[in-house]
There are 4 protein chains.
Amino acid sequence: MSNAKGPDHSRRKERSRQVILSAARSLVAEQAYDKVTVEAIAARAGVGKQTIYRRWPSRSAVVFAAVLALSEGADGQSVALPDTGDLESDLKLVMRATAEEFADPSFDRLLRALNTEIANDAALAAEYREKLARPLDEAKKARLRSAQEAGQLDPDADLDLVLEVLYAPLFQRWLHRGGPLTPAYADALVDATLRAFGPARP
Amino acid sequence: MSNAKGPDHSRRKERSRQVILSAARSLVAEQAYDKVTVEAIAARAGVGKQTIYRRWPSRSAVVFAAVLALSEGADGQSVALPDTGDLESDLKLVMRATAEEFADPSFDRLLRALNTEIANDAALAAEYREKLARPLDEAKKARLRSAQEAGQLDPDADLDLVLEVLYAPLFQRWLHRGGPLTPAYADALVDATLRAFGPARP
Amino acid sequence: MSNAKGPDHSRRKERSRQVILSAARSLVAEQAYDKVTVEAIAARAGVGKQTIYRRWPSRSAVVFAAVLALSEGADGQSVALPDTGDLESDLKLVMRATAEEFADPSFDRLLRALNTEIANDAALAAEYREKLARPLDEAKKARLRSAQEAGQLDPDADLDLVLEVLYAPLFQRWLHRGGPLTPAYADALVDATLRAFGPARP
Amino acid sequence: MSNAKGPDHSRRKERSRQVILSAARSLVAEQAYDKVTVEAIAARAGVGKQTIYRRWPSRSAVVFAAVLALSEGADGQSVALPDTGDLESDLKLVMRATAEEFADPSFDRLLRALNTEIANDAALAAEYREKLARPLDEAKKARLRSAQEAGQLDPDADLDLVLEVLYAPLFQRWLHRGGPLTPAYADALVDATLRAFGPARP
DNA sequence: GGGTAAGCGAGACGGTACGTCGTGTCTTCGC
DNA sequence: GCGAAGACACGACGTACCGTCTCGCTTACCC
């Protein structure tokens, strides 16, 4: 009877936490973002507002945590990129998949909400980079490093820059709705990136 | 003699319009965006709320119009890029200047507000592309076409793609505060772009 | 040589005046009083707001004028009470008719609006007494004086008081919706009044 | 221990209720009625507007409740009329006191506001009759019944009618500002009423 | 019969208050 | 004894009218 108090509390807390985050997620996925209020989340979660404010300081933080929770549980393995030895086709596979993801309306709304919050809150942006962006970027950079070793990529290339050149155009086009995110477009980005950072020319 | 129709009437309307947009602009530049309320704009402009709602349907629209008005009056000339004949140095000049602009806190806030609105409103995004982005992009593409003719750029390059590869990384790094926007970074983007889309190799 | 200034102007003015008052009257008669706004009157009259404000200082004044205009044109004759020589039956006739008038919803609304305004505006109340109440009261007092001469009423009775005792209960019961205004009730008031102010007892 | 149901909850609610009604009362007593806005009441009470709208549907209802609250707590005793055995002098005492009350500017404003509301809202009028007018009328009728038993009043008289004949003239004169409410006027109303409804003649 | 000025309809304007909604805090009650 | 439920002070929302202020247009008078 070491601690009768602890375990149930934690379990209870954890449970309401999950309910709230899941409610936030579903609201963000299905509605315009300005309808996603703390009151709406509390109502959907069947929870008092105070239970939300006890844990997070603002709507932004809840929504951020909700999105963050999505990618948690995913271990290093699961975010690893394919490595067939052929960088170009591996990247095209990944870029096409990424482009396709953006087409899902729920994912689109979720990501726009996330971007809205981090664009206007430096602290959240830092947390985003640390907890969400970095792990993904590291996985991608691992694949690039493998390509460098295989002589398929300039060994002096700044991998962060490579990632930006590869992904940022897709991101920007999506954010500003600047055009369709077709497989051809995904391929073109990979081609351009490989021309820019491919093996040093003779 | 310009137009017989309602000269003083128009002048009156135009004046209040300018006062409102200017008030919106100054508020956006100096405060957190969620303090930029319609009431605050009306108060700063010395105007009734209804006078704002008569013209624009929402805060988003006012703010957007305020930013838009900044770039109006600028004719084709004024947005033309330098053309010394040396594409690389011309682009580096422009990219460094762009990177520097983002460092201005007022401009930063203005642009974040703008991006927040257009990310969440497809109609506004379309207007943004049409009225703000396109004219600038056309000016840039004019410079690139000139480079193509001079044999400094692949004649088959998709110029929209070139622009995205050049600018999107800068934009993304700024939006997500992913790192400092140094001159070296600006140069690196130009270098990468030119490697990707430079003259066709032999 | 009526007046050198704008003979037809007056006609124009007079016409719009009538249109406004009639619009006010019809609005008051058909809607809840708080929907009778100056804008609504102007719209119904097909008139600019300024045309109303040029003539009257407030909604109260317009409504008051509208009601007042109803009773204008009525000469002394037309408001004279019947005089058959039998005071009791003459008064009962009049009181029953008055009670019946209150039952008309349009008249009811009109009179409630009027009472609302004069209860809250001493100047309007004075004008009401002078222009609306007094002429009617004088007509009634004329009938009472005739009754005094005929020995049907105490020659020393204060006729203003007599009128109040006769009418005020009806007015109050109507204003506070204190009960039905039946013919029997009208008769009872006449009976009570005649008992109070009938011919002096021996 | 008085009642198990919501003791502290009720106390909190009750407190804000009292603060609001008291603020409403003081505003009505000291200002023109159209300055008595819901916002003004909320501000004076140090309360959010919503707290008012949670309890009452409109300004009318608040003001009415404020006036109503004045007379609550008054038990049957406290509204009983004097009964010295002499109806005439008892009534004159009461009527003179009533006339005097109307002279107090605060009371005047309060009562005009109340009458404005009940004249334009049948539901409020019904509540007024039930909660305010009736208890007072019952107290008065009790005195009249005592007079009937003492042979000072016609035993067949309709007491509601007696009250109207007695009070309505005073009320009307006050509402329309038809003249001064002097003690002599109060006496004259009592005299007239007693002549109308005094003991049956031989 | 053409010029002119007063009066008009229309409605924008700076304001005030409306009644509603969401915020973040605080209190109460029920499980 | 914690948490749902929701009241609370606050502040912005978007709307309705207020009373004032142009704006052209109409109209009816004057020469």
Side-chain angles (χ1 to χ4, degrees), chain A residues 5 8-9 12-13 16 34-43 45-54 56-59, chain B residues 4-13 15-17 19 34-43 45-55 57-59, chain C residues 4-13 15-16 34-43 45-59, chain D residues 4-13 15-16 34-40 42-43 45-55 57-59:
Chain A
K5 183 94 157 275
D8 277 8
H9 273 296
R12 215 138 100 79
K13 274 179 135 170
S16 77
D34 61 332
K35 304 246 166 171
V36 183
T37 65
V38 172
E39 289 196 337
I41 296 172
V47 135
K49 282 198 288 177
Q50 198 56 45
T51 304
I52 294 180
Y53 282 113
R54 235 190 305 273
W56 298 279
S58 65
R59 180 186 68 157
Chain B
K5 180 68 168 300
D8 280 6
H9 193 52
S10 309
R11 237 178 283 148
R12 206 151 100 84
K13 277 179 126 168
R15 194 150 160 287
S16 77
R17 189 190 150 86
V19 173
D34 63 331
K35 303 246 165 173
V36 182
T37 65
V38 173
E39 285 194 343
I41 297 172
V47 136
K49 278 198 288 178
Q50 200 59 51
T51 302
I52 293 179
Y53 283 114
R54 237 190 302 273
R55 289 186 213 290
S58 64
R59 181 188 68 156
Chain C
K5 180 71 166 299
D8 278 7
H9 271 299
S10 310
R11 233 179 289 149
R12 212 140 102 79
K13 276 176 133 172
R15 195 153 158 284
S16 76
D34 62 331
K35 304 248 166 169
V36 182
T37 65
V38 171
E39 288 196 340
I41 296 171
V47 134
K49 282 198 288 177
Q50 198 57 45
T51 304
I52 293 180
Y53 281 113
R54 213 171 284 136
R55 290 188 214 292
W56 298 279
S58 66
R59 180 186 70 157
Chain D
K5 180 70 168 298
D8 281 6
H9 193 50
S10 308
R11 235 178 286 150
R12 204 151 101 84
K13 277 179 128 169
R15 195 152 158 285
S16 76
D34 62 330
K35 304 246 166 173
V36 183
T37 65
V38 172
E39 286 194 342
V47 134
K49 280 198 285 178
Q50 200 59 52
T51 301
I52 293 180
Y53 282 114
R54 236 189 303 274
R55 290 186 212 290
S58 65
R59 181 187 67 156

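Each chain gets a letter, A, B and so on, in the order its sequence line appears, and its residues count up from 1.
Heavy atoms of R59(A) sit nowhere under 4.0 angstrom from any nucleic acid atom.
Counting only heavy atoms from C-beta outward, the side chains of K49(A) and I52(A) never approach each other to under 4.5 Å.
One can place CZ of R15(D) at 18 Å from P of dA7(F), the figure rounded to the nearest angstrom. In this structure, the NZ atom of K35(A) is 13 Å from the C1' atom of dC13(F), given to the nearest Å. Taking atom NZ of K49(C) as the reference point, atom C1' of dC23(F) lies 15 Å away to the nearest angstrom. As a whole-Å value, the separation of R55(C) CZ from dG19(F) P is 17 Å. The distance from atom CG of D34(B) to atom C1' of dC13(F) is 15 Å, rounded to the nearest whole Å. Across the protein-nucleic acid pair, Y53(A) atom OH and dA4(F) atom P stand 15 Å apart, rounded to whole Å. Look at CD1 on I41(A): it is 15 Å from P on dA4(F), rounded to the nearest Å. Note: CH2 (W56(A)) to P (dG24(E)) measures 14 Å, nearest angstrom.
One finds no side-chain N or O of R54(C) lying less than 4.0 angstrom from the OP1 or OP2 phosphate oxygen of dG7(E). Put simply, S16(C) has a side-chain N or O that comes within less than 4.0 Å of OP1 or OP2 on dC8(E).
Here the closest heavy-atom approach between residue A40(B) and residue K35(B) is recorded as CB-O, 3.9 Å. Minimum heavy-atom separation, R59(D) to D34(D): NH1-CA, 4.2 Å. The heavy-atom pair separating S16(C) from R55(C) by the smallest distance is OG-NH2, 2.8 Å.
Comparing V47(B) and P57(D), the nucleotide of DNA chain E nearest to each residue sits closer to the 5' end for V47(B). Residue whose closest nucleotide on DNA chain E sits further toward the 5' end, between E39(D) and A45(C): A45(C).
Residue side chain Q50(D) does not reach the base of dC8(F) through any donor-acceptor N/O pair under 3.5 Å, judged by distance alone.
For T37(D), the side-chain atoms get nearest to dC18(E) when compared with the rest of dC13(F), dC18(E), dG22(E).
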